[in-house]
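Report on the following structure.
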Amino acid sequence: MRKFYFIVLLLLAFIACEDREPDPVVIPVWLEARIAELEDSGCVGCNIRRYTYKEEFFYHVYCNYWSCIDCEIYHYDGEPVDWEYTDRADFWANKNRTVLLWECPVDSTSQP
């Protein structure tokens with residue numbers, strides 16, 4: 001009987017520790033144009049991250065030289081987040097599953 005319990009516990013451990021497939025890293029078509037703009041502008045310290053918030057994807061475009069951290073946050077469909085209808089504090093506190101989608105390419109000629 002001990003062997004049975006051991007096998008059951010071992011089986012439960014394997015199930016609980018199962019590797020989950022990560023969400024595929026896909027850059028939406030509407031975001032590709034924004035990436036091209038940033039690359040053409042000679043971006044420095046820019047990146048795009050995808051978050052999950054309330055079971056939906058949100059995309060955050062950020063450059064280090066901007067004065068605000070949440071200037072460009074978009075819903076999955078490309079619509080900018082309207083902070084009048086979305087609780088800003090709740091968004092920042094409860095967003096999860098952060099994925100870096102893109103960051104400015106490093107120009108090897110500008111490195112010392």
Side-chain angles (χ1 to χ4, degrees):
M1 193 66 171
R2 276 188 171 178
K3 287 182 181 181
F4 175 74
Y5 287 127
F6 179 73
I7 292 172
V8 169
L9 287 175
L10 191 60
L11 186 61
L12 287 174
F14 282 126
I15 291 171
C17 297
E18 175 186 1
D19 287 336
R20 295 183 182 191
E21 285 289 319
D23 292 324
V25 178
V26 176
I27 296 176
V29 174
W30 61 264
L31 196 53
E32 290 175 359
R34 185 66 177 117
I35 290 172
E37 281 178 34
L38 290 170
E39 288 176 340
D40 290 344
S41 71
C43 63
V44 176
C46 298
N47 63 59
I48 298 176
R49 297 181 188 277
R50 182 185 71 192
Y51 304 121
T52 302
Y53 173 69
K54 293 188 176 181
E55 303 302 322
E56 292 183 355
F57 288 140
F58 285 76
Y59 296 87
H60 183 201
V61 179
Y62 179 74
C63 291
N64 290 339
Y65 57 85
W66 291 349
S67 60
C68 65
I69 195 165
D70 53 10
C71 292
E72 280 194 54
I73 298 181
Y74 300 95
H75 292 277
Y76 62 92
D77 59 1
E79 287 296 316
V81 172
D82 185 348
W83 295 116
E84 187 174 323
Y85 300 106
T86 303
D87 184 352
R88 186 182 313 246
D90 187 60
F91 174 81
W92 288 108
N94 294 307
K95 67 180 177 47
N96 56 31
R97 295 172 48 191
T98 302
V99 176
L100 178 65
L101 297 178
W102 173 87
E103 59 187 341
C104 288
V106 176
D107 184 0
S108 60
T109 60
S110 66
Q111 297 295 321

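Of the inter-residue distances, the one linking Asn64 atom CG with Asn47 atom CG reads 7.5 Å to the nearest 0.5 angstrom. For the atom pair CZ of Phe57 and CZ of Arg50, the computed distance is 4.0 Å after rounding to the nearest 0.5 Å. Of the inter-residue distances, the one linking Ile73 atom CD1 with Thr86 atom OG1 reads 9.5 Å to the nearest 0.5 angstrom.
Val44 and Val61 are members of different hydrophobic clusters when ILVMFWY side chains are connected at heavy-atom separations under 4.5 Å. Both Trp83 and Tyr53 sit in one connected hydrophobic cluster of ILVMFWY residues. Membership requires side-chain heavy atoms under 4.5 Å apart, directly or through other members. Linking ILVMFWY side-chain heavy atoms closer than 4.5 Å, directly or via other members, places Val81 and Trp92 in a single hydrophobic cluster. In the hydrophobic clustering of ILVMFWY residues, with side-chain heavy atoms under 4.5 Å counting as a link, Ile27 and Ile48 come out together. Ile35 and Tyr65 fall within the same hydrophobic cluster, where Ile, Leu, Val, Met, Phe, Trp and Tyr residues are linked whenever their side-chain heavy atoms come under 4.5 Å apart, directly or through other members.
Taking the six-membered ring where the residue is Trp, His60 and Tyr51 present tilted rings, their angle falling between 30° and 60°. A tilted orientation is assigned to the rings of Phe58 and His75, their planes being inclined by 30° to 60°.
The shortest non-hydrogen separation linking Trp102 to Cys43 is CH2-SG, 3.9 Å. In terms of heavy atoms, Cys104 sits closest to Gly45 at SG-N, 4.3 Å.
Two residues are said to be in side-chain contact when any heavy atoms from C-beta on lie closer than 4.5 Å; Trp30 and Asp77 fail this criterion.
Cys63 has its SG atom within less than 2.5 Å of the SG atom of Cys46.
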